[in-house]
Structure formats: structure tokens, C-alpha cells
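Structure first, commentary second.
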Amino acid sequence: DGGITQSPKYLFRKEGQNVTLSCEQNLNHDAMYWYRQDPGQGLRLIYYSQIVNDFQKGDIAEGYSVSREKKESFPLTVTSAQKNPTAFYLCASSIAGQGFYEQYFGPGTRLTVT
Amino acid sequence: QKEVEQNSGPLSVPEGAIASLNCTYSDRGSQSFFWYRQYSGKSPELIMSIYSNGDKEDGRFTAQLNKASQYVSLLIRDSQPSDSATYLCAVSGGSNYKLTFGKGTLLTVNP
């Protein structure tokens with residue numbers, strides 16, 4: 001079964017702690033993305049990566065970090081510098097370079113920071 | 001700043017009716033257009049993609065694109081209660097992989 005997995009589904013942390021969200025895909029996609037969704041809002045791009053060992057900041061990268069050491073994996077770290085980390089985090093992937101950029105999403109991680 | 005605007009909703013239609021969802025975008029260079037369906041508490045699911053002017057049909061769904069008017073729409077024929085969800089419009093430019101999303105329109109189909 002090809003797809004994108006994210007873990008955990010729910011995550012609770014205390015303020016001031018860093019937390020890492022996992023994203024794995026077995027679709028053989030080159031490009032991977034992290035989005036954040038807040039209630040009543042559209043998706044906002046945090047980081048994206050088109051190839052292993054390379055990634056670019058999206059629209060709201062402050063307080064987040066990523067790595068892309070393997071094609072299948074694109075973990076996101078929410079640092080203590082992120083002012084409002086509570087949100088629904090979505091990972092997506094796509095075939096790079098085909099020109100049409102259809103993105104497919106994982107099930108998401110709901111992060112609550114108190 | 002690229003923008004994607006959707007009719008604010010919520011939109012309520014009776015079962016069996018046609019639901020019409022609309023989206024406008026600001027970047028004339030946009031080349032790829034997508035509709036995602038998102039059930040409450042779940043992640044978005046790609047249901048339609050369209051790249052050229054005109055209509056594209058897939059089962060009960062029809063996407064319509066008018067690049068001159070910078071307008072894309074989604075029609076759902078014979079609406080079912082299972083179509084009740086938030087529909088997200090997403091637009092991609094030609095030179096990068098970034099998608100810009102609208103805030104979504106909540107559709108409720110009443111039995």
C-alpha cells in the first residue's frame with residue numbers, strides 16, 4: 001500500500017519544549033512539504049523539499065526546522081521559538097518536475113502546546 | 001502576495017441538488033488548479049485537478065477553469081450527504097512547487 005504516514009496522530013507538549021513530527025512516504029515522490037492549518041484557515045506552507053539534502057522555507061518558517069536526509073522522510077521540528085505552535089500539521093508529497101504538482105497529504109498530526 | 005479566494009459559505013443544499021463552489025485567484029501566471037475535500041478532523045483529499053480552460057468531468061464532479069477571468073469552480077451533481085465537507089481550492093504557479101490554498105467552503109448536504 002503506497003501512502004504517506006505521519007506520527008503521532010495527537011501530540012501534547014509543554015511550552016518551551018521542542019517537538020519533532022514524523023512524516024514518511026513510500027510513493028517514491030521527490031518533493032515533500034509541511035503545512036500548518038489553524039481553525040477556519042487555509043493551509044500555510046512551512047517548509048518544502050524538492051530533493052534529498054535540500055529544502056526551502058515556505059511562508060511561515062520561523063520557529064520551525066526540517067531535515068531531508070532520506071527521500072522517504074521529512075521530519076519537522078517545532079521549536080520553543082514558535083510563538084503559537086498549537087495547530088494541525090500536515091505533510092504532503094508530490095512528483096517533482098512533472099509540471100503539474102499534484103500534492104497528496106498524510107493523515108496529519110494535531111499538536112497541542114500548553 | 002498570491003491570493004486565492006473562495007465563497008465564504010457555509011453552503012447548504014438538499015440531497016440530489018447541484019452544489020456549486022467558486023474560487024478566484026490573483027496570480028495570472030498560475031498554471032495548475034486543484035480541488036481538495038476535507039472532512040472534519042481529517043486531512044485534505046485531492047478530488048480534481050485542472051490545467052487548461054474549459055470543463056473537466058469525473059463522475060459527479062465537474063471542474064471549470066476560466067484563466068481570463070481567473071476563476072475556477074467545482075460542481076457536484078446529485079449531491080449526497082457524504083459530500084458534506086470543506087472544499088479547498090488550491091492554485092500553483094508555473095515556476096515552483098508551491099500551492100496557495102483558499103480558506104475553504106463548508107458544504108452541507110441535507111437529506
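Bear in mind the structure is a predicted one, so any value in this text is a computation, not a measurement. So that the names make sense, note that chain A is the first sequence line, chain B the second, and so on, each numbered from 1. Computed from heavy atoms alone, side chains included, the values below leave out hydrogens, waters and symmetry copies.
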Of the listed A/Pro107, A/Gly108, A/Ala92, the one with the largest count of heavy-atom pairs under 4.5 Å with chain B is A/Pro107
| A/Asp54 side chain to A/Gln56 side chain, donor-acceptor N/O pair below 3.5 angstrom | yes
Applying a strict 4.5 Å limit to non-hydrogen atoms, the region of A/Leu43 in contact with chain B is both
Whatever's closer than 4.5 Å to a heavy atom in chain A on B/Phe33 counts as neither
**Study point:** Parallel, tilted or perpendicular, as decided by the 30° and 60° cut-offs, for the rings of A/Tyr33 and A/Tyr48
**Key:** parallel
Okay, A/Arg44 and chain B: the region with an atom under 4.5 Å from a heavy atom over there is neither
Query raised in the report: Do B/Phe101 and B/Tyr36 have ring centres separated by under 6.0 Å?
Result: yes
So, the part of B/Gln38 with a heavy atom under 4.5 Å from chain A: the answer is side chain
Measure from the ring center of A/Phe74 to the ring center of A/Tyr47 and say whether it is less than 6.0 Å. no
Hits for side-chain contact (heavy atoms from CB on, under 4.5 Å) against A/Glu72, two or more places apart or cross-chain, chain-then-number order -> A/Glu24, A/Lys70
